[in-house]
*Asks:* 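Shown below is the structure under consideration.
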Amino acid sequence: MSEPTGKYSITMPRDIAEAARSRSGPSGLSAYVAAAVARQIERDNLSELIQVAEAEHGPITDDEVQALRDQLHQSRRGQSNSGTAA
């Protein structure tokens, strides 16, 4: 079951609206814009979580970020290798 929807009027630069319309595909401009807004909300929520964590534990260093990226890449490589036959 899908979420209830509402009709809203928004204003945006014409070039952005036309680019979005040309990329929206069969789902249409409304779905494209809704997905973009949902992603922005997720980013905003993540930024808030990071701020809370840094306030409690101190700032995250570049080395810590790189170590986590390396761990993520290693995990992804492990997942792609586990799906192949030996």
Side-chain angles (χ1 to χ4, degrees):
M1 182 175 282
S2 65
E3 293 289 323
T5 61
K7 187 168 183 145
Y8 303 92
S9 174
I10 62 168
T11 303
M12 71 175 76
R14 187 176 307 247
D15 60 334
I16 293 173
E18 291 306 318
R21 184 181 305 281
S22 71
R23 293 174 177 265
S24 63
S27 62
L29 182 60
S30 292
Y32 190 86
V33 171
V37 171
R39 281 191 304 277
Q40 185 62 47
I41 291 169
E42 289 173 355
R43 291 179 67 140
D44 293 345
N45 289 341
L46 180 56
S47 291
E48 290 171 7
L49 287 173
I50 290 169
Q51 288 176 354
V52 168
E54 286 185 332
E56 187 174 328
H57 303 288
I60 301 168
T61 67
D62 290 341
D63 289 341
E64 290 171 320
V65 171
Q66 188 57 50
L68 290 170
R69 282 185 177 138
D70 293 345
Q71 188 178 8
L72 178 61
H73 290 301
Q74 184 178 11
S75 174
R76 286 180 176 164
R77 279 192 299 265
Q79 289 176 354
S80 65
N81 290 339
S82 67
T84 60

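What you see below is based on every heavy atom in this structure, not just the backbone, and it leaves out hydrogens, waters and symmetry mates.
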*Asks:* Looking only at side chains, do D70 and Q74 share a donor and an acceptor under 3.5 Å apart?
*Replies:* no
*Asks:* Answer yes if the side chains of D44 and Q40 hold a donor-acceptor pair under 3.5 Å, and no otherwise.
*Replies:*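 Short answer, yes.
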*Asks:* Measure the CD-CG distance between E54 and L49 for me, rounded to the nearest 0.5 Å.
*Replies:*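 So the CD of E54 and the CG of L49 are separated by 11.5 Å.
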*Asks:* Quick check for you: to the nearest 0.5 Å, what is the distance between S47 atom OG and E42 atom CD?
*Replies:*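 If we round to the nearest 0.5 Å, S47:OG and E42:CD are 12.0 Å apart.
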*Asks:* Hey, does R39 have a side-chain heavy atom less than 4.5 Å from the side chain of R43?
*Replies:* no
*Asks:* Of all the heavy-atom pairs spanning L29 and A17, show the shortest one and how long it is.
*Replies:* CD1-O, 4.3 Å
*Asks:* Which value, rounded to the nearest 0.5 Å, describes the distance between S75 atom OG and L68 atom CG?
*Replies:* 12.0 Å
*Asks:* State, with a plain yes or no, whether a side-chain heavy atom of V52 is found less than 4.5 Å away from one of E48.
*Replies:*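 Answer no - side chains too far apart.
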*Asks:* Mind checking the CD-NE2 spacing from Q66 to H73? Nearest 0.5 Å is all I need.
*Replies:*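 Rounded to the nearest 0.5 Å, the CD-NE2 separation comes out at 7.0 Å.
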*Asks:* Decide whether Y8 and V37 are clustered together by the hydrophobic rule: side chain heavy atoms of Ile, Leu, Val, Met, Phe, Trp, Tyr closer than 4.5 Å, transitively.
*Replies:* no
*Asks:* If I take atom CD1 from residue I16 and atom CZ from residue R21, how far apart are they, to the nearest 0.5 angstrom?
*Replies:*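 If I round to the nearest 0.5 Å, the distance is 14.0 Å.
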*Asks:* Do you reckon I41 sits in the same ILVMFWY cluster as V33, going by side-chain contacts under 4.5 Å, direct or chained?
*Replies:*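 Yes, one cluster joins them.
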